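Any value given below was found using the heavy atoms of this structure, including those in side chains, with hydrogens, waters and symmetry copies removed. Everything quoted here is computed from the prediction, not taken from an experiment.
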Amino acid sequence: MLVTGHSGFKGAWLALWLHRLGAEVTGLSLPPPTEPSLFDRSRLAELVDHVEGDIRDPAVVDAAVARARPEVVFHLAAQPIVRTSYLQPVETYATNVMGTVHLLDAARRLGGVRAFVCVTTDKCYENREWVWPYRESDSMGGFDPYSSSKGAAELAVAAYRRSFFPPDAMAGGGTGLASVRAGNVVGGGDWAVDRLLPDLVRAFERGEAPVIRNPGAVRPWQHVLEALGGYLLIAERLMAGDAEVSNAWNFGPLDEDARAVSWIVERMRERWGDAPMAIFEQVAGSPHEAHLLRLDCSKARAVLGWRPRLRLAEALDWIVDWHKRVGSGADARDVTLEQIASYRNRGRFA
C-alpha cells in the first residue's frame with residue numbers, strides 16, 4: 001500500500017489507521033511541513049516504509065511505486081494552503097497538478113494497482129458563493145491558485161479514468177480510480193500555518209488572544225476521521241471491483257455543521273478554558289478567500305451508506321482533548337490511536 005503525503009497531518013492520521021488495520025504501508029513525502037508534526041510526535045517512521053521524496057520529480061515517483069508495488073494508493077501529497085498558493089503559485093500547480101499526473105502515470109505504466117484514491121478538496125468547485133451545497137457533478141474551478149490547482153487535478157483524474165482506467169475494465173483486474181473531496185478537515189496534531197484550528201491552539205497554549213480574519217466565513221468543518229473513514233470505504237469498494245465507485249465523491253459534515261469561523265472560535269475558547277477573547281479583524285489587502293462553501297454528500301450516503309459520526313461540537317472537543325493530553329506529556333501515537341478506536345466503535349468503518 002502506498003500513501004503519499006504521509007508526513008502531513010491528514011496523511012499521518014491515515015497511515016496510523018492503516019498500520020493499526022495491519023496494512024504494510026510505504027509512504028512517499030517531503031519532510032514534515034511543520035515543527036512540531038504528528039509524523040514526528042507519533043514516531044510514524046517506525047511503523048511504515050518511509051520514503052522521502054518530491055512528487056514533482058517523476059523519477060522519484062516511479063521509484064516509490066516500484067518499491068511499494070501497491071495494490072492500493074492513497075494520494076494525499078499536496079501544497080494545501082490557500083494563502084501560500086498566492087506566494088508560491090508555480091510550486092502549487094507543480095505539486096497539485098503535475099505531482100498527481102506523475103503518480104497516475106506511474107500507476108498506469110507499472111501496473112498492479114487495483115484501487116487508487118486521489119484526495120483533492122471541497123475548494124475544487126467553481127465557487128459561486130451561493131447557499132446551495134456543491135454536488136460531484138458541478139463545475140470545477142477556483143479563484144485562487146490552490147483551488148484552481150485542485151480543480152485541475154480533478155480534471156486530470158477524470159481524463160486518466162476515461163483514457164486508461166475505465167471502470168468497466170475493473171472486473172478483469174483493472175484499476176479503480178476515485179477522487180474524494182472533503183470539507184475543512186480538523187483534528188489533533190495539526191500545526192499548519194494559516195489554518196484556523198492550529199492558529200487557535202497555538203494562541204491558547206501561549207495564553208495569547210488569537211487574531212482571526214474573516215469571522216463570517218462559513219466552511220464545511222469536519223473531523224479528520226470523518227474524511228478518512230470515507231476514503232477507506234472507497235478503497236474497500238474499489239478493491240472489491242465495484243465499478244460504481246470509480247468516480248468522484250464528496251465527504252462533508254451535516255448541513256447544520258457548516259459553521260462560521262466566529263462560532264468555531266467561541267466554541268474552542270469555551271472548551272479550552274482560561275483562553276483570552278479573540279481579536280476579529282479584516283486585514284486590508286488580504287488575498288481573496290471563499291466566504292461560503294458547503295458540500296452535498298447525498299451520493300455517499302445513498303451509495304456507500306456513509307454518514308458523519310461526529311457532530312462538530314464534539315469534534316472540537318476531541319481536538320482540545322488531544323492537545324491538552326499531549327501537551328501534558330501523553331504519547332501522541334497512543335492518543336491518536338485511542339481516538340481512531342473510539343471513532344471506529346461508532347459505526348461500520350474499516
Side-chain angles (χ1 to χ4, degrees), residues 1-55 60-61 63-78 80 103 106-107 112-119 180 182 185-192 198 223-236 238-239 318-319 321-323 325-345 349-350:
M1 186 171 296
L2 177 65
V3 177
T4 71
H6 68 295
S7 68
F9 155 68
K10 197 172 178 182
W13 274 89
L14 177 59
L16 286 166
W17 192 342
L18 290 169
H19 181 268
R20 176 50 58 94
L21 292 173
E24 294 183 4
V25 178
T26 297
L28 170 63
S29 185
L30 292 172
T34 63
E35 172 54 48
S37 70
L38 180 57
F39 177 84
D40 288 331
R41 289 290 183 91
S42 67
R43 308 177 308 286
L44 184 58
E46 298 174 0
L47 306 179
V48 304
D49 180 17
H50 171 56
V51 179
E52 192 169 295
D54 193 332
I55 62 169
V60 167
V61 174
V65 174
R67 174 171 172 160
R69 289 291 175 188
E71 287 190 299
V72 181
V73 174
F74 290 98
H75 177 42
L76 287 81
L103 190 60
V113 176
R114 294 177 58 196
F116 192 125
V117 181
C118 182
V119 178
V180 289
V185 172
V186 298
D190 187 2
W191 284 281
H223 196 275
V224 61
L225 292 174
E226 301 278 36
L228 298 183
Y231 305 168
L232 289 169
L233 279 175
I234 292 290
E236 181 182 47
L238 292 175
M239 285 290 290
W318 281 31
I319 295 171
D321 179 70
W322 194 100
H323 281 279
R325 291 176 63 190
V326 172
S328 297
D331 184 86
R333 182 195 294 176
D334 290 344
V335 175
T336 304
L337 291 174
E338 284 175 23
Q339 291 196 345
I340 290 171
S342 296
Y343 184 76
R344 290 176 65 191
N345 288 337
F349 282 133

Q.
Taking side chain to side chain contact (heavy atoms under 4.5 Å, CB included) as the criterion, tell me which of L28, V117, L103 meets it with V73.
A. L103
Q: State which residue, out of D331, L16, L47, fulfils the side chain to side chain contact (heavy atoms under 4.5 Å, CB included) condition with S42.
A: L16
Measure the spacing between [atom1] of [X] and [atom2] of [Y] and express it to the nearest 0.5 Å.
X: L38; Y: D190; atom1: CG; atom2: CG; value: 9.0 Å
X: R20; Y: L337; atom1: CZ; atom2: CG; value: 4.5 Å
X: L21; Y: R344; atom1: CG; atom2: CZ; value: 5.0 Å

How about [X] and [Y]: do any of their side-chain heavy atoms sit closer than 4.5 Å?
X: H6; Y: L14; result: no
X: W13; Y: I340; result: yes
X: S29; Y: F39; result: no
X: R333; Y: E46; result: yes

Over all atoms of both residues, closest heavy-atom pair of [X] and [Y]:
X: A330; Y: V335; result: CB-CG2, 3.8 Å
X: A227; Y: V185; result: CB-CG2, 4.1 Å
X: G188; Y: I319; result: N-CG1, 4.0 Å
X: Q339; Y: W318; result: NE2-O, 3.1 Å
X: V72; Y: A235; result: CG1-CB, 4.3 Å
X: T34; Y: W191; result: CG2-O, 3.4 Å

Donor-acceptor contact below 3.5 Å, side chain [X] vs main chain [Y]:
X: H19; Y: E24; result: no
X: R114; Y: M239; result: yes
X: T4; Y: L76; result: yes

Q) What do the steps show when you test T336 against W322 for side-chain hydrogen bond (donor to acceptor under 3.5 Å, both in side chains), and what is the final call? A) CA-CA 8 Å; T336 304; W322 194 100; 3.0 Å; yes
Q: Could you tell me if the ring centre of H223 sits under 6.0 Å from that of Y343?
A: no
(Q) Quick one, V60 with I55, criterion side-chain contact (heavy atoms from CB on, under 4.5 Å). Give me CA distance, side-chain angles, the key distance, then yes/no. (A) CA-CA 7 Å; V60 167; I55 62 169; over 6 Å; no
Q.
Quick check on R325: does its CZ atom have over 12 non-hydrogen neighbours (other residues, nucleotides or ligands) under 6.0 Å away?
A. yes
